[in-house]
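Each remark here refers to the structure printed beneath this line.
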Amino acid sequence: MSDNYGSPLDEVPGYIKDLVPYPPGKPLEEVEREYGIKGPIKLASNENPLGPSPKAQEAIRKAISSVHRYPDGSCYYLKEKLSQLLGVSPLEIVVGNGSDDLIDFLIRVFIRPGCEVITSRPSFLVYTKMVQAVGGENVVIPLSDYHHDLEAISRAVTPKTRLIFLDNPNNPTGTTIYREDFDAFLKGLPDHLFVVMDEAYIDFARTKQTPRGTDYVRQDKRVIALRTFSKSYGLAGLRVGYGVMDKRVAEYLDRVRQPFNVNSLAQTGALAALDDHEHLDKTLDTVWQGMDFLTKALEELGCRVMPSETNFVLADIGRDARVVYEDMLREGVIIRTMNIYGLPNHIRITVGLPEENSRCIEALRKVLGQ
Ligand SMILES: *Cc1c(COP(=O)(O)O)cnc(C)c1O
């Protein structure tokens, strides 16, 4: 039937039209095909170089025969286990399809047109994108010497501020907030907002000075901590993360989530991974050693390297990184350029296995002409 009301397509708001899809890393197979390279390596998405926890793999294999069942919509066992590990109540935990899911819930519950969300630039790209998707206002504060500028963030707070996102340690710089600064920051903040500590990389932090959001949730109702199984636990493809927060906040997030947002294999894998201390220890050892190697090697190549508390390193290579990225692809090494983060002369390299790190440095030496 024809009418004169037009199409829903005509009504898509400007803030949706202006969204830019998240840039994916180049798939390995694509590099193989496009550049005719055998066995390229991917050091672009901050994945675990050792792969998934063997215990998780075994548990997932066993659980496959039950995938005709719907998952446990409440993530009962996973929440129980996390609550024991973190010393909080299961009612203070919400599990998501990756921690991205938690970011989405928080924004959908608390943000609507007229609300402001403060983030740093550069930091994780997902925050501003999701804020824009619901018509909220992004207030973006530049980093100060590659660190979150907590003082500037405090000054940017208005009566309309609802959420402050701090990825700590920060992606893509790898830098951490220091506890002393964070405590002073919290002290100066009003009560009408939440501070979201996105702790995707917290397991990799070597300094004792990194504040851990999960330690704060109980004493400060404004703090929300997000964690993920995607990085240190090596389960990025399964999509599972969680948030720890005041019970009343958790109740609201629970209302907006899909009933089966975390699939059964993800729940099973995450639960088993939490018991795989050996794999986590090995992961941290591998990453820390690789980090030291890469940092030193990059500095020897004349790059400025940011002190990283994560499993990746940001380097200022002093020239257009897009060219270097392309040349590195031809050498079979996938890294990340930082143009979309506003850092055109920087590359981000995920710490890989020792042989991958060496290969990356060899390629970079060649590409940088040294
Ligand atoms: C990788 C990453 C995440 C994790 O996202 P998942 O959805 O859990 O895979 C969250 N925040 C930051 C800053 C990240 O870099």
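Just follow the structure's listing: the first ligand is 1, and inside any ligand the first atom is 1.
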Top protein contact for [atom], by heavy-atom distance:
| atom | value |
| --- | --- |
| atom 3 (C) of ligand 1 | K231 NZ, 3.4 Å |
| atom 4 (C) of ligand 1 | S99 OG, 3.3 Å |
| atom 7 (O) of ligand 1 | R239 NH2, 2.6 Å |
| atom 15 (O) of ligand 1 | Y201 OH, 2.6 Å |

Using a cut-off of 6.0 Å, state whether more than 12 heavy atoms not belonging to E355 lie near its atom CD.
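It does: E355 CD has more than 12 such atoms within range.
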
With distance as the sole test, does E92 use its side chain to make a donor-acceptor pair with the main-chain N or O of S89 at under 3.5 Å?
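The answer is yes, because a donor-acceptor pair under 3.5 Å joins these two groups.
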
Is there a donor-acceptor pair under 3.5 Å between the side chain of R162 and the backbone N or O of P159?
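Side chain of R162 to backbone of P159, a donor-acceptor pair under 3.5 Å: yes, one is there.
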
Please examine the side chains of Y146 and N170, heavy atoms only from C-beta on, and report whether any two atoms are closer than 4.5 Å.
no

Test of understanding: given a 4.0 Å heavy-atom threshold, classify the contact between S230 and ligand 1 as side chain, backbone, both, or neither.
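Answer for S230: side chain.
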
What do we get for F229 next to ligand 1 when only non-hydrogen atoms under 4.0 Å count, side chain, backbone, both or neither?
neither

With a cut-off of 4.0 Å, which atoms of ligand 1 are near a heavy atom of A200?
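Contacts of ligand 1 toward A200, numbered from 1: 2 (C), 3 (C), 10 (C), 11 (N), 12 (C), 14 (C).
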
Is any N or O atom of [X], backbone or side chain, closer than 3.5 Å to an N or O atom of ligand 1?
| X | result |
| --- | --- |
| N97 | no |
| N46 | no |
| Y127 | no |

Identify whether the distance between the nearest side-chain nitrogen and carboxylate oxygen of E30 and R33 falls below 4.0 Å.
yes

With a 4.0 Å cut-off, would you call E278 and K55 a salt bridge?
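So E278 does not pair with K55 through a salt bridge.
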
Heavy-atom nearest option to atom 12 (C) of ligand 1, drawn from T310, D198, L102, D167
D198

Closest approach of A56 to G269 (non-hydrogen atoms, all atoms of both residues)
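So the two residues come closest at CB-O, 3.4 Å.
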
Side chain to side chain contact (heavy atoms under 4.5 Å, CB included) between F194 and L106: does it pass, once the steps are laid out?
CA-CA 10 Å; F194 292 112; L106 286 166; 6.0 Å; no

